[in-house]
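Only heavy atoms go into these numbers, but all of them, side chains included; no hydrogens, no water, no symmetry mates. Atoms within a ligand are numbered from 1 in the order they appear, just like the ligands themselves.
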Amino acid sequence: MADRLQTVFRHLGSGRPQQAISTIPVSAAAYQYSQPGCILSDEQRRFYDKNGFLVIKNLVSGDKIDKYKERFQKVCTGEVKIPGVIIMRDVAIAKSEFVPGEHAVTKIQDWMLDPVLFEYCCDPEILKYVEAFTGPDIAAMHTMIINKPPDPGLKTSRHPMHQDLHYFPFRPADRIVCSWTAMEKVDRSNGCLVVLPGSHTGELKQHDYPEWEGGVNKMYHGVRDYSPDHPRVHLEMEKGDTVFFHPILIHGSGMNRTKGFRKAISCHYASTQCHYIDVEGTTQENISDETLEIARKKFGGNIKISFKDVWRLRARLVKGQPGEIAE
Ligand SMILES: CCCCCCCCCCCCCCCCC(=O)SCCNC(=O)CCNC(=O)[C@H](O)C(C)(C)COP(=O)(O)OP(=O)(O)OC[C@H]1O[C@@H](n2cnc3c(N)ncnc32)[C@H](O)[C@@H]1OP(=O)(O)O
Ligand SMILES: Nc1ncnc2c1ncn2[C@@H]1O[C@H](COP(=O)(O)OP(=O)(O)OP(=O)(O)O)[C@@H](O)[C@H]1O
Ligand SMILES: O=C(O)CCC(=O)C(=O)O
Ligand SMILES: [Fe+2]
Ligand SMILES: [Mg+2]
């Protein structure tokens with residue numbers, strides 16, 4: 001947009017295009033993926049528009065992260081019980097004998113009813129950035145702590161390249177954002193996030209299980225047809241650094257070659273003005289079917305529940321006015 005204007009000015013023969021541009025209120029329309037008047041600088045808005053992600057250094061304090069880590073450990077040992085929480089074991093150890101505590105756990109999700117962990121979702125430091133993408137009415141839609149285990153040698157600790165929107169029956173995509181905070185230093189050795197910058201401007205793609213010999217974690221669908229030539233960026237982050245990214249951004253994470261459990265905490269937020277969609281007949285039908293199969297296993301085969309309901313049940317308002325997706 002700014003480029004176009006500059007060209008227009010040049011064509012008009014204006015001698016001082018720079019000054020002319022600064023007096024024209026282009027900013028409202030100049031950026032597609034963030035809200036006018038938000039906390040982001042023009043440079044940050046431009047970066048997110050172009051790349052589909054934005055890293056904010058040192059956004060969450062070490063003290064808060066230590067508190068979440070301690071809570072996570074208590075959930076893993078069973079000392080703290082959270083209603084509705086899903087505790088997921090790594091596929092490599094899912095069938096092995098008893099492993100105690102956090103060493104058995106690859107992620108916990110749906111801890112929206114835990115007052116301690118949910119503080120992460122309500123953290124004003126995070127929400128002021130979230131608001132830049134969602135606008136002022138915000139719901140927490142999906143909560144996770146990922147505890148990427150040391151790879152057992154089968155590469156099962158990888159997360160295939162995917163778009164989070166594949167899992168979401170609500171739109172518009174541009175009013176959804178993920179906040180992902182490193183709970184310790186993450187780099188290529190322990191499997192940091194890998195992103196394809198700019199992929200957020202594309203379409204939601206078909207996702208399936210990758211054909212990995214060592215096995216793949218339940219519901220870890222991947223994009224089949226992304227270009228292997230697309231530039232990849234490894235997001236190396238320090239404890240407390242937080243990346244905000246668009247739900248169409250293609251991303252994954254590499255294998256953990258260390259002996260430690262690589263930890264991150266994340267929340268997907270959406271504007272409460274978003275609406276639910278029907279995924280029947282779309283590429284999302286496979287994840288919808290798989291989710292409902294798990295729900296039926298959990299609650300009995302006769303339960304009448306839709307993919308939308310599964311999401312409606314987890315959604316929690318964190319700021320502003322309620323709406324269709326979170327009441
Ligand atoms: C109302 C709630 C309904 C539940 C719906 C679930 C919601 C899912 C929505 C996904 C949202 C994702 C958001 C976007 C972010 C992108 C991602 O994170 S993708 C990955 C998301 N993954 C998940 O959501 C998986 C959630 N996990 C689970 O549902 C469970 O942990 C489980 C994998 C179903 C296993 O739970 P459970 O049945 O309690 O476990 P067991 O009794 O020990 O095992 C049963 C069976 O499953 C095998 N198994 C266990 N763990 C794994 C694994 N990690 N991968 C593959 N298979 C696994 C285990 O071996 C048993 O198999 P068997 O043949 O029956 O012996
Ligand atoms: N054969 C594959 N098929 C599908 N996805 C893959 C494959 N190999 C790697 N990936 C995915 O690509 C991303 C990065 O993987 P990669 O193994 O290159 O990362 P890394 O080991 O952390 O980095 P590097 O080895 O380059 O230092 C991860 O999301 C991973 O799951
Ligand atoms: O922390 C990771 O490895 C990435 C997880 C992820 O992208 C997801 O669960 O959607
Ligand atoms: Fe993801
Ligand atoms: Mg590699």
Side-chain angles (χ1 to χ4, degrees), residues 52-53 83-99 104-110 112 140-149 151 154 156-170 176-184 186 190-196 199-200 207 209-210 212 214-223 234-235 237 243 245-256 261-268 270 284 286-300 303 305-315:
F53 69 93
V85 76
I86 296 178
I87 299 176
M88 185 173 171
R89 312 213 302 163
D90 189 78
V91 62
I93 50 174
K95 290 185 199 298
S96 66
E97 67 295 6
F98 180 74
V99 183
V105 175
T106 192
K107 73 160 76 175
I108 64 171
Q109 44 182 36
D110 300 335
M112 61 279 167
M141 301 302 292
H142 185 61
T143 52
M144 284 190 282
I145 287 179
I146 307 126
N147 188 49
K148 190 192 273 289
D151 200 276
L154 298 166
T156 50
S157 67
R158 290 180 302 177
H159 199 131
M161 299 303 267
H162 65 281
Q163 299 164 307
D164 289 344
L165 192 67
H166 175 61
Y167 298 88
F168 302 153
F170 41 91
I176 304 171
V177 71
C178 178
S179 156
W180 187 102
T181 301
M183 296 176 79
E184 62 192 287
V186 295
N190 61 4
C192 62
L193 287 184
V194 182
V195 303
L196 306 189
S199 53
H200 67 301
H207 286 62
Y209 281 109
W212 286 353
V216 58
N217 276 307
K218 186 91 177 146
M219 286 179 152
Y220 278 36
H221 294 188
V223 178
H234 289 78
L235 298 183
M237 293 162 63
V243 59
F245 64 90
H246 190 279
I248 296 181
L249 185 77
I250 298 178
H251 65 285
S253 59
M255 108 187 195
N256 181 0
F261 287 71
R262 189 229 67 185
K263 287 182 184 54
I265 183 166
S266 86
C267 179
H268 284 90
Q284 292 178 264
N286 59 0
I287 192 65
S288 166
D289 289 349
E290 205 175 317
T291 302
L292 295 179
E293 200 179 301
I294 292 176
R296 279 191 291 267
K297 250 170 91 177
K298 272 202 165 78
F299 305 114
I303 185 176
I305 189 167
S306 69
F307 192 39
K308 292 179 205 183
D309 294 333
V310 169
W311 284 99
R312 211 177 267 127
L313 287 168
R314 322 153 161 217

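At a heavy-atom distance under 4.0 Å, only side-chain atoms of Ile294, from C-beta outward, approach ligand 1. Under 4.0 Å from ligand 1, not a single heavy atom of Leu313 appears. With a 4.0 Å cut-off on non-hydrogen atoms, Glu290 does not touch ligand 1 at all. Contact annotation for His221 and ligand 1: no heavy atom of the residue comes within less than 4.0 Å of the ligand. With a 4.0 Å heavy-atom cut-off, ligand 1 is reached by the backbone of Asn217 and by its side chain too.
The closest protein non-hydrogen atom to atom 50 (C) of ligand 1 is Ala94 CB, 3.5 Å. Protein heavy atom at the shortest distance from atom 60 (O) of ligand 1 is Lys95 NZ, 2.9 Å. Remark: minimum distance from atom 46 (C) of ligand 1 to any protein heavy atom is reached at Lys297 NZ, 4.5 Å. What sits closest to atom 7 (C) of ligand 1 on the protein, heavy atoms only, is Arg314 NH2, 2.7 Å. When only non-hydrogen protein atoms are considered, atom 55 (N) of ligand 1 lies nearest to Lys218 N, 2.8 Å. Nearest protein heavy-atom contact of atom 30 (C) of ligand 1 is Ile86 CG2, 4.1 Å. With hydrogens left out, the protein atom closest to atom 25 (C) of ligand 1 is Met88 SD, 3.3 Å, a heavy atom. The protein atom (non-hydrogen) at minimum distance from atom 24 (O) of ligand 1 is Gln109 NE2, 2.6 Å.
Contact check for Leu235 versus Val194: no side-chain heavy atoms found under the 4.5 Å cut-off. Taking 4.5 Å as the limit, some side-chain heavy atom of Val186 sits within range of a side-chain heavy atom of Trp180. Taking 4.5 Å as the limit, every side-chain heavy atom of Val195 sits out of range of all side-chain heavy atoms of Val243. Considering only heavy atoms from C-beta on, Pro160 comes within 4.5 Å of Trp212 through its side chain. Residues Leu193 and His234 fail the side-chain proximity criterion, which asks for heavy atoms closer than 4.5 Å. Using a 4.5 Å heavy-atom threshold, the side chains of His200 and Phe245 count as separate.
From Met183, atom CE reaches atom CZ of Phe261 across 14.0 Å, with rounding to the nearest 0.5 Å. Here the CE atom belonging to Met141 is positioned 13.0 Å from the CG atom belonging to Asp164, to the nearest 0.5 angstrom. Interatomic distance, CG of Asn256 versus CG of Asn147, reported as 9.5 Å (0.5 Å rounding). Between atom NZ of residue Lys218 and atom CD1 of residue Ile86 there is a gap of 11.5 Å, rounded to the nearest 0.5 Å. Taken from CD1 in Ile87 to CD1 in Ile145, the straight-line distance is 11.0 Å, to the nearest 0.5 Å. Once rounded to the nearest 0.5 Å, the distance linking CZ of Phe168 with SG of Cys178 reads 7.5 Å.
Within the 4.0 angstrom cut-off, atom 41 (P) of ligand 1 has no protein heavy-atom neighbours. For atom 66 (O) of ligand 1, a protein non-hydrogen atom is found at a distance below 4.0 Å. For atom 16 (C) of ligand 1, the protein comes within 4.0 Å by at least one heavy atom. Of the protein's heavy atoms, at least one falls inside 4.0 Å of atom 63 (P) of ligand 1. Less than 4.0 angstrom separates atom 9 (C) of ligand 1 from at least one non-hydrogen atom of the protein. Note that atom 48 (C) of ligand 1 has no protein non-hydrogen atoms nearby, at separations under 4.0 angstrom. For atom 13 (C) of ligand 1, the nearest protein heavy atom lies under 4.0 Å away. Within a 4.0 Å radius of atom 36 (O) of ligand 1, the protein has no heavy atom.
Between His268 and His142, the two ring planes are tilted [angle within 30° to 60°]. The aromatic rings of Trp311 and Phe170 stand perpendicular to each other, their planes meeting at an angle above 60°, with 30° marking the opposite boundary.
Distance alone, capped at 3.5 Å, places no donor-acceptor pair between the Asp90 side chain and the Ala104 backbone. Judged by distance alone, the side chain of Asp151 and the main-chain N or O of Ser157 form a donor-acceptor pair under 3.5 Å. Looking at Tyr167, its side chain does come within 3.5 Å of a backbone N or O of Met219 through a donor-acceptor pair. Under a 3.5 Å cut-off, the side chain of Gln284 and the backbone N or O of His207 do not form any donor-acceptor pair.
Put simply, no part of His166 is less than 4.0 Å from ligand 1, judged by heavy atoms.
The shortest non-hydrogen separation linking Ile305 to Ala295 is CG2-CB, 4.3 Å.
When each atom of ligand 1 is checked for a heavy atom of Met219 under 4.0 Å away, the hits are 8 (C), 19 (S), 20 (C), 21 (C), 22 (N), 23 (C), 24 (O), 25 (C). Every atom of ligand 1 with a heavy atom of Met144 under 4.0 Å away is listed here by number and element: 15 (C), 18 (O). Close approach to Ile87 involves these atoms of ligand 1, each under 4.0 Å from a residue heavy atom: 31 (O). Residue contact check: Tyr220 has heavy atoms under 4.0 Å from atoms 20 (C) of ligand 1. Listed by number with element, the atoms of ligand 1 under 4.0 angstrom from any heavy atom of Phe299 are 1 (C).
Within His162, the N, O or S atom at minimum distance from the Fe ion (ligand 4) carries the name NE2. Nearest to the Fe ion (ligand 4), among the N, O or S atoms that Asp164 has, is OD1.
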Going through the distances and angles, do Lys148 and Thr106 end up as a side-chain hydrogen bond (donor to acceptor under 3.5 Å, both in side chains)? CA-CA 5 Å; Lys148 190 192 273 289; Thr106 192; over 6 Å; no
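Ring centroids of His162 and His221 are separated by 6.0 Å or more, keeping the two rings apart.
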Short N or O separations between ligand 3 and the protein, below 3.5 Å:
from: ligand 3; atom 1: 1 (O); to: Trp180; atom 2: NE1; distance (Å): 3.0
from: ligand 3; atom 1: 1 (O); to: Arg262; atom 2: NH2; distance (Å): 2.7
from: ligand 3; atom 1: 3 (O); to: Ser253; atom 2: OG; distance (Å): 2.6
from: ligand 3; atom 1: 3 (O); to: Arg262; atom 2: NH1; distance (Å): 3.4
from: ligand 3; atom 1: 3 (O); to: Arg262; atom 2: NH2; distance (Å): 3.4
from: ligand 3; atom 1: 7 (O); to: His162; atom 2: NE2; distance (Å): 3.3
from: ligand 3; atom 1: 7 (O); to: His251; atom 2: NE2; distance (Å): 3.0
from: ligand 3; atom 1: 9 (O); to: Lys107; atom 2: NZ; distance (Å): 3.3
from: ligand 3; atom 1: 10 (O); to: His162; atom 2: NE2; distance (Å): 3.1
from: ligand 3; atom 1: 10 (O); to: Asp164; atom 2: OD1; distance (Å): 3.2

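An N or O contact shorter than 3.5 Å links Arg89 to ligand 1 by distance.
Coordination check, His251 versus the Fe ion (ligand 4): passed, since an N/O/S atom of the residue sits under 2.8 Å.
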